[in-house]
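Sequence lines set the chain letters: A, B, ... in the order given, protein chains first and strands last, and positions in each chain run from 1.
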Protein chains: 2
Amino acid sequence: MGATRGGPGEAAGEDPCRTRAVLGIVGDKWSLLVVRHLSEGPRRFTELKRAVDGISQRMLTVTLRGLERDGILTRTVRNVMPPHVSYELTPMGRTLREATAPLLEWSIAHVGHIDDARAAYDARPDTPATPGG
Amino acid sequence: MGATRGGPGEAAGEDPCRTRAVLGIVGDKWSLLVVRHLSEGPRRFTELKRAVDGISQRMLTVTLRGLERDGILTRTVRNVMPPHVSYELTPMGRTLREATAPLLEWSIAHVGHIDDARAAYDARPDTPATPGG
DNA sequence: CCGGATCCAAAATGATACTG
DNA sequence: CAGTATCATTTTGGATCCGG
């Protein structure tokens with residue numbers, strides 16, 4: 001994707017391509033949850049593994065690497081025994097965390113309604129089959 | 001993605017906040033972009049395919065099915081020639097669109113900074129290898 | 001023609017074993 | 001503790017065919 005960057009005054013809704021590019025940063029299953037669990041301060045690898053329960057060790061590594069590469073968090077290694085690696089949001093990471101707050105609140109507020117919608121949809125007799133892979 | 005939405009294993013109580021469960025709704029590559037492109041009114045399948053360029057026909061179908069099932073949008077079929085299927089946000093879908101606005105704006109505002117961070121990271125001599133799959 | 005379903009190849013992901 | 005290597009499973013994308 002191009003290195004061209006727009007001015008900060010650009011409003012959302014004017015540049016679909018770039019929006020798509022950056023949604024690639026957080027548009028996966030784990031990134032937003034990792035960011036969320038770092039919002040209260042630095043965390044170690046295993047602490048995150050427990051907090052974001054359900055994530056595999058491999059995907060936590062991959063997700064953290066990606067967020068570090070994107071400048072969302074920092075990775076600090078202390079060469080001691082046992083090893084100690086801590087992850088912390090950068091200033092930009094904290095702005096991301098703030099930007100995702102409404103979405104997380106929406107999730108919590110609407111999960112019940114969505115359960116209902118799913119049940120109603122699955123009860124429909126004319127439900128189309130989902131294409132397989 | 002569509003097949004994994006709300007499996008039977010996602011019972012209430014497994015996750016105290018349940019944010020993970022609901023992030024499964026929009027935590028994929030395409031859902032937020034589809035919702036975004038429906039914010040200005042109903043759109044047809046092919047219009048969405050063009051707007052969310054890069055999405056495959058199959059993934060658009062799967063994503064739309066999932067969002068319909070979750071009560072985010074409605075699917076209206078008119079049996080005419082040529083076929084006419086239009087998708088439109090529900091009231092709940094519109095609240096989701098509002099909740100995602102800050103994130104989309106953040107994306108546009110920070111894409112340049114992220115490009116820089118990636119370049120700096122890739123220039124580091126000690127970049128760890130990413131685990132393969 | 002438009003919307004969608006199926007088959008196949010590629011990529012992403014999860015589980016497990018192993019290492020410093 | 002914090003990863004890495006490897007393999008099995010799942011998801012995604014492209015091409016193609018189908019129904020109206």
Measure the distance from [atom1] on [X] to [atom2] on [N] and round it to the nearest whole Å.
X       : N      : atom1 : atom2 : value
B:Lys29 : C:dA12 : NZ    : C1'   : 9 Å
A:Phe45 : D:dT4  : CZ    : P     : 8 Å
A:His84 : D:dG3  : NE2   : C1'   : 15 Å
B:Met81 : C:dC2  : CE    : P     : 9 Å
B:Leu60 : C:dC2  : CG    : C1'   : 13 Å
B:Gln57 : C:dG4  : CD    : P     : 9 Å
B:Arg78 : C:dC1  : CZ    : C1'   : 16 Å
A:Arg43 : D:dA2  : CZ    : P     : 13 Å

For [N], does OP1 or OP2 lie under 4.0 Å from any side-chain N or O of [X]?
X       : N      : answer
A:Tyr87 : D:dC1  : no
A:Arg58 : D:dT4  : no
A:Trp30 : C:dG14 : yes
A:Arg75 : D:dG3  : yes
A:Arg65 : D:dA2  : no
B:Lys49 : C:dC2  : no

What nucleic acid atoms does A:Pro82 come within less than 4.0 Å of, heavy atoms only: base, sugar-phosphate, or nothing?
-> sugar-phosphate
Could you pull out all residues at least two apart from B:Glu47 that satisfy side chain to side chain contact (heavy atoms under 4.5 Å, CB included)?
-> B:Arg43, B:Arg44, B:Arg50
Under the side chain to side chain contact (heavy atoms under 4.5 Å, CB included) rule, collect the residues that match up with A:Glu105, sequence neighbours excluded.
->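 For A:Glu105, the residues satisfying side chain to side chain contact (heavy atoms under 4.5 Å, CB included) (neighbours in sequence not counted) are A:Ala101.
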N/O donor-acceptor pair under 3.5 Å between B:Ser31 side chain and B:Asp28 backbone = no
Counting side-chain heavy atoms from C-beta on, which of C:dC1, D:dC1, D:dG14 comes nearest to A:Thr46?
->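 The answer is D:dC1, which lies nearest to the side chain.
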Which one, D:dT4, C:dT13, D:dT12, comes nearest to the side chain of B:Met59?
-> D:dT12
Transitively linked via ILVMFWY side-chain contacts under 4.5 Å: B:Val85 with B:Val80?
-> no
Pairwise side-chain contact, A:Thr61 with A:Phe45, heavy-atom cut-off 4.5 Å (strictly under) | yes
